[in-house]
Protein chains: 2
Amino acid sequence: MSAVGKVVSIGKCDGNSPRERIVAAASELFYRHGIRAVGVETIAEAAKTNKMTLYRHFSSKDELVAEYLRQLADKSTSAWARREAEHPGDPLGQVRAWLQETAARVTKGDERGCALANAAVELPEKDHPARRVIETFKAGQRARLIQLCAAAGLEEPELLAEELFLLLEGARVTAQSMGPRGLDERLLRMGERMIRAHTRCDGAAGPLQQ
Amino acid sequence: MSAVGKVVSIGKCDGNSPRERIVAAASELFYRHGIRAVGVETIAEAAKTNKMTLYRHFSSKDELVAEYLRQLADKSTSAWARREAEHPGDPLGQVRAWLQETAARVTKGDERGCALANAAVELPEKDHPARRVIETFKAGQRARLIQLCAAAGLEEPELLAEELFLLLEGARVTAQSMGPRGLDERLLRMGERMIRAHTRCDGAAGPLQQ
DNA sequence: CACAGGTGTTACCGGTCAGTAACTAAACCC
DNA sequence: GGGTTTAGTTACTGACCGGTAACACCTGTG
């Protein structure tokens with residue numbers, strides 16, 4: 001059935017504390033091969049440590065999984081903060097930046113979709129510690145998008161935000177079963193079209209560039 | 001890490017030949033719990049048979065997985081045939097029917113997304129026998145949608161088909177991490193809006209009901 | 001009746017899984 | 001220095017994994 005076993009080293013897993021190396025190694029392996037396909041022993045070795053140390057920092061593999069997802073959620077949060085800093089007072093610009101960055105990521109070779117969404121597929125048990133993280137993250141993501149669409153003065157912001165959200169979520173999952181096939185530029189066209197369809201004709205949302 | 005083990009019986013797994021029961025049991029268990037989470041022994045027991053008989057019909061678990069996905073792909077194909085029979089000469093009607101059926105399914109309680117897409121998440125190995133099935137299926141689905149949009153005389157049929165495809169694919173995957181939350185009616189609104197946006201103003205696509 | 005093919009049963013293989021015990025070595029802090 | 005915390009090492013548990021061997025059975029069909 002295939003497993004992973006014996007991964008000698010992993011990029012940036014050699015700095016800092018064992019704990020950080022463990023999470024870094026787990027992130028890489030979980031994302032690339034799937035959570036259930038990777039054993040704790042493999043993770044420990046890739047992190048240049050051992051299973052005992054891993055279990056001194058995480059009470060179970062499931063907790064390590066939760067931490068892996070938690071850190072990804074944090075990264076997403078800081079990405080939104082960065083976009084806000086790059087487009088201060090311009091919510092539509094922030095949405096566009098998110099659109100562009102995500103579309104670009106979809107077509108990158110090593111893309112395997114949203115790690116949180118993938119985890120939800122792999123871990124259907126509703127009481128798994130990872131599920132709280134996943135649900136909170138997705139709800140926050142959606143709320144942020146709605147808030148930005150509303151702040152941009154677009155019509156029916158909830159509907160637009162959901163359209164954009166589902167579009168990109170669909171693109172990320174589809175890229176795994178069909179490959180990217182130049183999806184990124186089409187995604188941008190679709191996104192812009194959706195935004196335009198929600199723009200008041202009186203120009204309240206400001207002029208649309210391009 | 002949680003597994004499945006000991007599933008006494010499974011709905012319609014008690015008819016016909018052992019082979020059919022095995023595939024039926026595997027379908028249920030793979031979809032509900034994930035492919036890697038279910039062992040062959042569990043499948044055999046749920047199918048009221050044993051591991052040896054399973055391996056007399058399938059050379060490996062991976063081959064059983066491929067057959068599981070193949071049968072689902074076939075069901076999808078016959079669903080398209082049914083829609084064609086229900087809306088003869090009306091490609092837009094077929095697209096709308098697909099939209100409605102899929103939207104309705106997304107919000108059903110036992111929904112766990114597209115089984116083929118989930119399998120792609122769980123089985124990233126590019127040489128896995130299931131991947132051929134998945135890629136062929138998704139490409140066919142997309143092609144059919146494009147062909148219908150084109151036959152309906154809609155503008156930029158490829159782009160519209162892809163929008164609809166990604167929208168529903170995103171909805172199915174999102175439902176797993178956020179729950180349905182009345183997504184179905186919103187999906188229909190979004191879909192109709194997209195179709196309308198691709199409808200020529202000269203009415204070449206026929207009048208839009210509602 | 002004989003024979004054949006599909007099925008059931010049991011026991012087994014080697015390997016891997018998550019998780020732990022007991023002990024040693026190193027780093028740290030006062 | 002001494003004591004504490006953290007990390008590494010080895011070996012282990014019990015369970016489960018996918019897959020197989022050998023043999024008994026049962027139900028057809030000629």
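Small disclaimer: the values here were computed from a predicted structure and weren't measured. Just so we're on the same page: letters track the sequence lines, and every chain starts at 1.
- Within the 4.0 Å cut-off from OP1 or OP2 of C/dT7, not a single side-chain nitrogen or oxygen of B/T53 is found.
- Of all heavy-atom pairs spanning A/Y31 and A/G113, the tightest one is OH-O, 2.7 Å.
- A search for side chain to side chain contact (heavy atoms under 4.5 Å, CB included) contacts involving B/R56 returns B/M52, B/T53, not counting sequence neighbours.
- Taking the salt bridge (Lys or Arg N to Asp or Glu O under 4.0 Å) definition, one finds that B/R19 meets it with nothing, sequence neighbours left out.
- For the pair A/E45 CD and C/dT16 P, the interatomic distance rounds to 11 Å; values are reported in whole Å.
- By the side chain to side chain contact (heavy atoms under 4.5 Å, CB included) test, B/A161 is found to be paired with B/L145, B/I146, B/C149, residues two or more places apart in sequence or in another chain being considered.
- In this model, the phosphate group of D/dA7 is not approached by any side-chain N or O of A/T49 to a distance below 4.0 Å at OP1 or OP2.
- Applying the side-chain hydrogen bond (donor to acceptor under 3.5 Å, both in side chains) test to A/K138 and every residue at least two apart in sequence or in another chain returns A/E169.
- Atom-to-atom, CZ of A/R36 to P of D/dC17 comes out at 11 Å; the value is rounded to the nearest Å.
- Here salt bridge (charged side-chain N to carboxylate O under 4.0 Å, His left out) pairs that include residues 120-130 of chain A, with residues two or more places apart or in two chains, are A/R36-A/E125.
- The stretch residues 59-70 of chain A comes close to DNA chain C through A/S60, A/K61, each having a heavy atom under 4.0 Å from the strand.
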Using nucleotides 10-16 of chain D, report all nitrogen or oxygen pairs with the protein that are shorter than 3.5 Å.
none

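- For the salt bridge (Lys or Arg N to Asp or Glu O under 4.0 Å) test, residues two or more places apart in sequence or in another chain that qualify with B/R82 are B/E86, B/E101.
- Going from atom CG of A/L54 over to atom P of D/dT9 covers 15 Å, rounded to whole Å.
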Each nucleotide of nucleotides 23-28 of chain C classed B (base within 4.0 Å of a protein heavy atom), S (only sugar-phosphate) or -, in 5' to 3' order, makes ------

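- Distance, A/N16 CG to D/dT6 P: 17 Å, rounded to whole Å.
- Listed by chain and residue number, A/E156, A/E163 satisfy the salt bridge (Lys or Arg N to Asp or Glu O under 4.0 Å) test with B/R193 (two or more places apart in sequence, or in another chain).
- The shortest non-hydrogen separation linking B/L29 to B/V38 is O-CG2, 3.6 Å.
- Residue B/P18 has its side chain nearest to C/dT7 when only C/dT7, D/dG8, C/dA18 are considered.
- Looking at residues two or more places apart in sequence or on another chain, you find no side chain to side chain contact (heavy atoms under 4.5 Å, CB included) involving A/Q147.
- The side chain to side chain contact (heavy atoms under 4.5 Å, CB included) search around B/D184 returns B/A103, B/T107, not counting sequence neighbours.
- D/dG19 atom C1' lies 16 Å from atom NE2 of B/H57, rounded to whole Å.
- In this structure, the CD1 atom of A/I22 is 10 Å from the C1' atom of D/dA7, given to the nearest Å.
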